[in-house]
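Right, one structure below, let's go through it.
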Amino acid sequence: MNKTCIIGASGYTGAELIKLINRHPILELRACYVSEHSNFAGKTLAQVHEQLSGDDKLAQLGTMIAFNESMLDNIANEFDHIFLATPHEFSHDYLPSLLNGQANVYDLSGAFRLTNPQIFETYYGFEHKHHNALKQAVYGLAEWHAQLIQNAKFIAVPGCYPTASLLALKPLISANLLANNSLPVINATSGVSGAGRKASVTTSFQEVSLQAYGVLQHRHMPEIEEYANQQVVFTPHLGAFKRGILATLTCFLKPSVSLEDIDNAYNRAYQNQPLIRLLPTMPKLDNVVHTPYCDIAYVYSAEKNCIVVTSAIDNLLKGAASQAIQCCNLKMGDIQGITQETGLI
Ligand SMILES: NC(=O)C1=CN([C@@H]2O[C@H](COP(=O)(O)OP(=O)(O)OC[C@H]3O[C@@H](n4cnc5c(N)ncnc54)[C@H](OP(=O)(O)O)[C@@H]3O)[C@@H](O)[C@H]2O)C=CC1
Ligand SMILES: CC(=O)N[C@@H](CCC(=O)OP(=O)(O)O)C(=O)O
């Protein structure tokens, strides 16, 4: 068994990681950490996440441990896999020390997703101080970076909107079908769990409606652009539902592109990918929420020479925790028959 721990286990993506690791055939959850002064420290997993009640294996794990800087060396060397489901600033500060040990590290935050340190100041509001760790990070977009992930020690797990957007967009880019003179337009709506567990006025039941936010300045725009190798216009929206992201992309195509070219591009990219479902009708959130799948469909207009692509994911799973496990599976390779979807479906 592979010894595994989670830092940030009291949050929403932490809860999903607990469930996925608990049912994985060769990962063994050994410890769950929360912040140093967390109200959840010393509580059992079921006290922190009621949904975990009644699971004997998790009950034996004991309680959530308050993280402390002095534990870094031990954590880095005690485990085979460390999952960070922590705020960007925490990952930024502590991840480099965790890389000094033997463990493989998977960071669900955005702190190491961009290669250019300058961009962090503009979009994350902090100066990036760990340029060597940035260079070591491999962007964990599982379907597109499988080989890099297999050889990496440190995976920066993609953000939720970038996962939905890039999975829809990249087949068109890699087949060179996009028009040169226009930018893809991405409108995406997320459920409220995307903002994490901590209470805030903007995500309170009374306040949430359907609204665009972070317009032209959301940190996921440079992330999408870096891994699409293409500028985009990205607008996130917050919707009055708990989980899921629906992204709709409008893209203009080169004049000579046909429907056959588009079908070939998506089939070539995804026909052997177990967690991508190409659908004949537009995806809906209910079909992906609580699953590790990304559903994709498109409609093409020859008259307008454009395509509208929609993708749907669960933000906490394919947009975070299950993609992290997918990367971990890829890293473990064919050990005991592990494939990228092991423990996920
Ligand atoms: N929610 C989503 O859909 C997605 C989230 N992400 C990213 O994943 C990460 C986790 O997100 P999410 O689960 O939603 O966040 P939550 O706010 O739900 O949970 C954050 C977790 O981090 C812990 N934490 C906070 N500060 C510290 C600290 N200083 N030291 C140790 N632990 C700390 C919290 O512990 P406690 O509260 O007990 O103190 C809690 O367990 C974030 O970086 C987020 O941006 C990525 C993709 C999607
Ligand atoms: C609805 C909502 O608030 N969503 C979050 C994105 C969550 C995510 O993917 O997170 P990171 O890139 O921060 O890891 C946001 O817009 O900030």
Side-chain angles (χ1 to χ4, degrees), residues 5-18 32-43 45 47-49 63-69 71-72 75 82-95 98 106-114 120 123-125 139-141 156-166 188-200 202-203 207-208 210-215 217-224 234-247 289 313-324:
C5 78
I6 302 167
I7 308 180
S10 58
Y12 285 155
T13 59
E16 298 304 323
L17 284 169
I18 292 173
C32 284
Y33 298 93
V34 292
S35 68
E36 193 162 2
H37 306 291
S38 172
N39 292 334
F40 296 120
K43 300 226 163 95
L45 276 54
Q47 282 170 327
V48 176
H49 301 294
T63 57
M64 297 273 182
I65 305 162
F67 171 85
N68 178 297
E69 214 174 324
M71 298 171 169
L72 279 168
I75 296 177
I82 301 171
F83 291 86
L84 278 87
T86 44
H88 316 297
E89 295 79 1
F90 175 91
S91 295
H92 170 268
D93 292 349
Y94 295 113
L95 197 136
L98 294 172
Y106 309 82
D107 180 23
L108 274 63
S109 91
F112 292 90
R113 291 184 198 139
L114 304 168
F120 285 92
Y123 286 92
Y124 284 77
Y139 189 67
L141 191 67
V157 182
C160 47
Y161 289 119
T163 297
S165 306
L166 288 166
T189 304
S190 170
V192 183
S193 59
R197 193 175 187 182
K198 216 168 257 154
S200 87
T202 45
T203 56
E207 299 291 332
V208 175
L210 175 59
Q211 188 179 26
Y213 67 100
V215 179
Q217 47 191 326
H218 195 280
R219 64 187 180 286
H220 286 172
M221 191 154 68
E223 186 179 329
I224 296 166
F234 166 65
T235 311
H237 300 69
L238 184 66
F241 53 91
K242 289 183 183 172
R243 289 170 77 132
I245 286 185
L246 191 80
V289 165
I313 60 167
D314 185 320
N315 54 300
L316 297 176
L317 289 172
K318 183 65 173 163
S322 70
Q323 183 151 238

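Atoms within a ligand are numbered from 1 in the order they appear, just like the ligands themselves. Predicted, not measured: the structure shown is a model, and the values here were computed from it.
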Minimum non-hydrogen distance to atom 1 (N) of ligand 1, winning option of S193, G244, A320
S193
Quick one: sort the F90 and F67 rings into parallel, tilted or perpendicular, breaks at 30° and 60°.
perpendicular
Parallel, tilted or perpendicular, judged at 30° and 60°: which one describes the rings of H218 and Y213?
perpendicular
Any nitrogen or oxygen of G194 lying under 3.5 Å from a nitrogen or oxygen in ligand 2? Just yes or no.
yes
What do you reckon, does A195 have a nitrogen or oxygen under 3.5 Å from a nitrogen or oxygen of ligand 1?
no
Heteroatom distance test (Y161, ligand 2): nitrogen or oxygen, under 3.5 angstrom
no
Among protein heavy atoms, which sits nearest to atom 2 (C) of ligand 2, and what does the distance come to when rounded to 0.1 Å?
Y213 OH, 3.3 Å
Taking only heavy atoms of H220 into account, list the atoms of ligand 2 that are under 4.0 Å away from them.
6 (C), 8 (C), 9 (O), 10 (O), 11 (P), 12 (O)
Is at least one protein non-hydrogen atom found at under 4.0 angstrom from atom 44 (C) of ligand 1?
no
Using a 4.0 Å heavy-atom cut-off, say whether A41 meets ligand 1 through its side chain, its backbone, both or neither.
neither
Protein heavy-atom partner closest to atom 8 (C) of ligand 2 - residue, atom, separation in Å:
C160 SG, 3.2 Å
Checking the N or O distance criterion of under 3.5 Å, is ligand 1 in contact with R113?
no
For H218, the atoms of ligand 2 under 4.0 Å from one of its heavy atoms are 15 (C), 16 (O), 17 (O)
N/O to N/O below 3.5 Å, does that happen between S190 and ligand 2?
no
Any N or O of E223 closer than 3.5 Å to N or O of ligand 2
no
Atom indices of ligand 2 within 4.0 angstrom of R219 heavy atoms, with elements
6 (C), 10 (O), 11 (P), 12 (O), 13 (O), 15 (C), 17 (O)
